[in-house]
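Sequence lines set the chain letters: A, B, ... in the order given, protein chains first and strands last, and positions in each chain run from 1.
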There are 2 protein chains.
Amino acid sequence: MMISTKGRYALRILLDIASAVPTTEYISLGDVALRQEISMKYLEAIVATLSRGGLVESKRGKAGGYRLARPAETITVADVICSAEGGISPVACPECDGQSCSRAGNCLTVDLWRQLDTMIERYLTAVTLQDLLDSRDLSVLFQNI
Amino acid sequence: MMISTKGRYALRILLDIASAVPTTEYISLGDVALRQEISMKYLEAIVATLSRGGLVESKRGKAGGYRLARPAETITVADVICSAEGGISPVACPECDGQSCSRAGNCLTVDLWRQLDTMIERYLTAVTLQDLLDSRDLSVLFQNI
DNA sequence: CACTTATCCTATTATGTCAATAGGAATTTA
DNA sequence: TAAATTCCTATTGACATAATAGGATAAGTG
């Protein structure tokens with residue numbers, strides 16, 4: 001789980017779309033496919049989930065396409081990954097939720113994974129699409145978390 | 001990739017072994033299996049990689065088993081995950097290494113994933129088996145990174 | 001020397017998710 | 001009507017993970 005091709009592609013796709021000069025313009029997946037060298041069909045599948053997640057708006061038919069549903073400053077990388085992959089947590093931790101946690105030995109690790117989750121989520125929430133578009137130095141954000 | 005069952009189990013196994021009262025004692029996988037409720041055979045597979053990674057020492061035959069190869073203070077969670085899963089990076093990033101990075105659009109994301117890797121690795125390197133055994137408050141370590 | 005308890009070694013299977021593709025239906029514009 | 005595009009449902013292939021199986025080797029014990 002965590003960050004697979006789907007998530008990485010989703011981010012690239014959104015950055016591509018967000019680069020449109022009037023941000024109100026609709027970008028077709030055909031154009032994105034050419035620029036990003038990802039197959040149309042796969043793009044469709046990924047964008048569908050982004051659309052369901054409310055990150056992009058679509059317009060069908062000729063001269064249709066996709067555009068961001070919100071300003072790039074308000075869309076975080078966490079939003080993108082969550083939407084594309086249905087979650088961020090790097091640890092699918094069955095021990096955490098429920099009964100099996102009764103064993104004392106396990107619970108030594110629960111806090112570790114929780115803390116890790118928190119950390120990753122904070123970081124990815126701190127970075128927006130606009131930050132990436134501006135090629136901002138992320139190590140600054142990294143310090144401030 | 002990232003942290004799968006194998007990695008989580010590996011950590012639990014090592015903590016179990018590390019809990020032995022004289023730390024020089026050899027703990028059999030049979031005992032670990034009972035306490036951790038993991039099948040012997042699966043344990044064997046996981047411990048084999050930990051052994052190859054130099055984290056545990058074994059003793060064969062009757063009254064044999066496993067013990068830590070180094071003090072628990074010197075074994076980090078990063079060591080364990082690396083050994084069990086062959087790496088930590090949550091992003092298998094083919095864009096990062098090599099030719100396809102020529103496209104400018106992609107490179108907006110490379111720094112993000114690098115930074116994330118660094119962050120996770122630092123955190124998991126900051127936590128040792130002993131920290132977990134002591135049930136130390138990890139949020140303190142978390143702040144100091 | 002047997003016997004028992006272990007680790008070790010090499011396969012194999014089953015499951016599931018990911019990555020990618022395929023074909024066509026619905027919609028909008030010109 | 002025609003072209004371009006999003007939408008919808010299904011399917012496939014490949015691969016990694018999770019787990020199991022059977023036996024070989026080693027070491028202690030009576």
Side-chain angles (χ1 to χ4, degrees), chain A residues 1-13 17 20 25-34 36-69 81 84-87 89-95, chain B residues 1-13 17 20 25-34 36-53 55-67 69 81 84-87 89-95:
Chain A
M1 80 150 25
M2 195 55 187
I3 297 168
S4 60
T5 302
K6 206 179 291 183
R8 286 183 292 110
Y9 280 8
L11 191 56
R12 280 170 56 192
I13 294 166
I17 291 174
E25 193 187 354
Y26 287 95
I27 308 296
S28 80
L29 289 188
D31 291 351
V32 178
L34 285 178
Q36 301 296 325
E37 300 175 38
I38 303 173
S39 88
M40 267 287 285
K41 282 301 185 181
Y42 199 25
L43 277 183
E44 286 182 20
I46 295 170
V47 172
T49 71
L50 297 178
S51 183
R52 257 179 265 119
L55 297 183
V56 295
E57 292 175 340
S58 65
K59 184 181 161 192
R60 300 178 71 165
K62 199 166 182 177
Y66 295 90
R67 67 182 183 191
L68 297 189
I81 302 302
E85 319 208 3
S89 175
V91 185
C93 187
E95 291 100 329
Chain B
M1 83 150 25
M2 196 61 188
I3 298 167
S4 60
T5 302
K6 206 180 290 182
R8 285 183 293 112
Y9 280 9
L11 191 56
R12 280 170 56 191
I13 293 166
I17 290 173
E25 193 186 352
Y26 288 95
I27 308 296
S28 80
L29 290 188
D31 290 349
V32 178
L34 285 177
Q36 300 297 326
E37 299 175 39
I38 304 173
S39 88
M40 267 288 285
K41 282 300 184 180
Y42 199 26
L43 277 182
E44 286 183 19
I46 294 170
V47 172
T49 73
L50 297 179
S51 183
R52 259 179 263 120
L55 297 183
V56 295
E57 293 175 339
S58 64
K59 183 180 162 192
R60 301 179 70 165
K62 197 164 183 175
Y66 295 90
R67 67 181 183 192
I81 302 302
E85 319 207 3
S89 175
V91 185
C93 187
E95 290 102 327

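Residues satisfying the salt bridge (charged side-chain N to carboxylate O under 4.0 Å, His left out) criterion with Glu25(B), sequence neighbours excluded, are absent altogether. Annotation: side-chain hydrogen bond (donor to acceptor under 3.5 Å, both in side chains) contacts of Glu44(B) (sequence neighbours excluded): none. A search for side chain to side chain contact (heavy atoms under 4.5 Å, CB included) contacts involving Ser39(A) returns Lys41(A), Tyr42(A), not counting sequence neighbours. The side chain to side chain contact (heavy atoms under 4.5 Å, CB included) search around Lys59(A) returns Tyr26(A), not counting sequence neighbours.
Rounded to an integer number of Å, the gap from Ile38(B) CD1 to dA18(D) C1' is 12 Å. Summarising the geometry, the separation between CD1 on Ile27(B) and P on dT5(C) is reported as 17 Å, rounded to the nearest angstrom. In this entry the distance linking CG of Leu34(B) with C1' of dT5(C) reads 14 Å, nearest Å. Distance, Leu29(B) CG to dA19(D) C1': 15 Å, rounded to whole Å. What separates CZ of Arg8(B) from C1' of dA18(D) is a distance of 11 Å, to the nearest Å. In this structure, the CZ atom of Arg67(A) is 16 Å from the C1' atom of dT5(D), given to the nearest Å. One interatomic measurement links the two molecules: CD1 of Ile17(B) to P of dA6(C), which rounds to 14 Å at whole-angstrom precision. Here dA20(C) presents its C1' atom at 17 Å from CD of Gln36(A), a figure rounded to the nearest Å.
Residues Lys6(A) and Ala63(A) both approach DNA chain C. Their nearest nucleotides, taken by heavy-atom distance, put Lys6(A) toward the 5′ side.
For a distance-only test at 3.5 Å, the side chain of Arg60(A) fails to qualify as a donor-acceptor partner of the base of dT27(C).
Regarding contacts with the backbone of dT17(D), every side-chain N or O of Thr5(B) stays at 4.0 angstrom or more from both OP1 and OP2. Side-chain nitrogen and oxygen atoms of Ser58(A) include at least one within less than 4.0 Å of the OP1 or OP2 phosphate oxygen of dC7(D).
Under 4.0 Å is where a charged nitrogen must lie from a carboxylate oxygen, and between Glu85(B) and Lys6(B) no such pair does.
The closest side-chain heavy-atom distance from Val32(B) to Ile38(B) is not below 4.5 Å. Between Val56(B) and Tyr66(B) there is a side-chain heavy-atom pair separated by less than 4.5 Å.
A donor-acceptor pair shorter than 3.5 Å can be found between the side chains of Arg8(B) and Thr5(B).
Within residues 40-55 of chain A, the residues having any heavy atom closer than 4.0 Å to DNA chain C are, in order of number, Lys41(A), Tyr42(A).
Of the possible polar contacts, one joining the Arg12(B) side chain to the Gln36(B) backbone as a donor-acceptor pair under 3.5 Å is found.
Contacts of Tyr66(A) with the nucleic acid, taken as non-hydrogen atoms under 4.0 Å apart, involve only primed sugar atoms and P, OP1 or OP2. Contacts of Gly65(B) with the nucleic acid, taken as non-hydrogen atoms under 4.0 Å apart, involve only primed sugar atoms and P, OP1 or OP2.
Defining each end axis of the helix from dC1(C)-dG30(D) to dA30(C)-dT1(D) as the rotation carrying four pairs' C1' atoms onto the next four, with five pairs an end, the two axes are found to diverge by 10° to 10 degrees.
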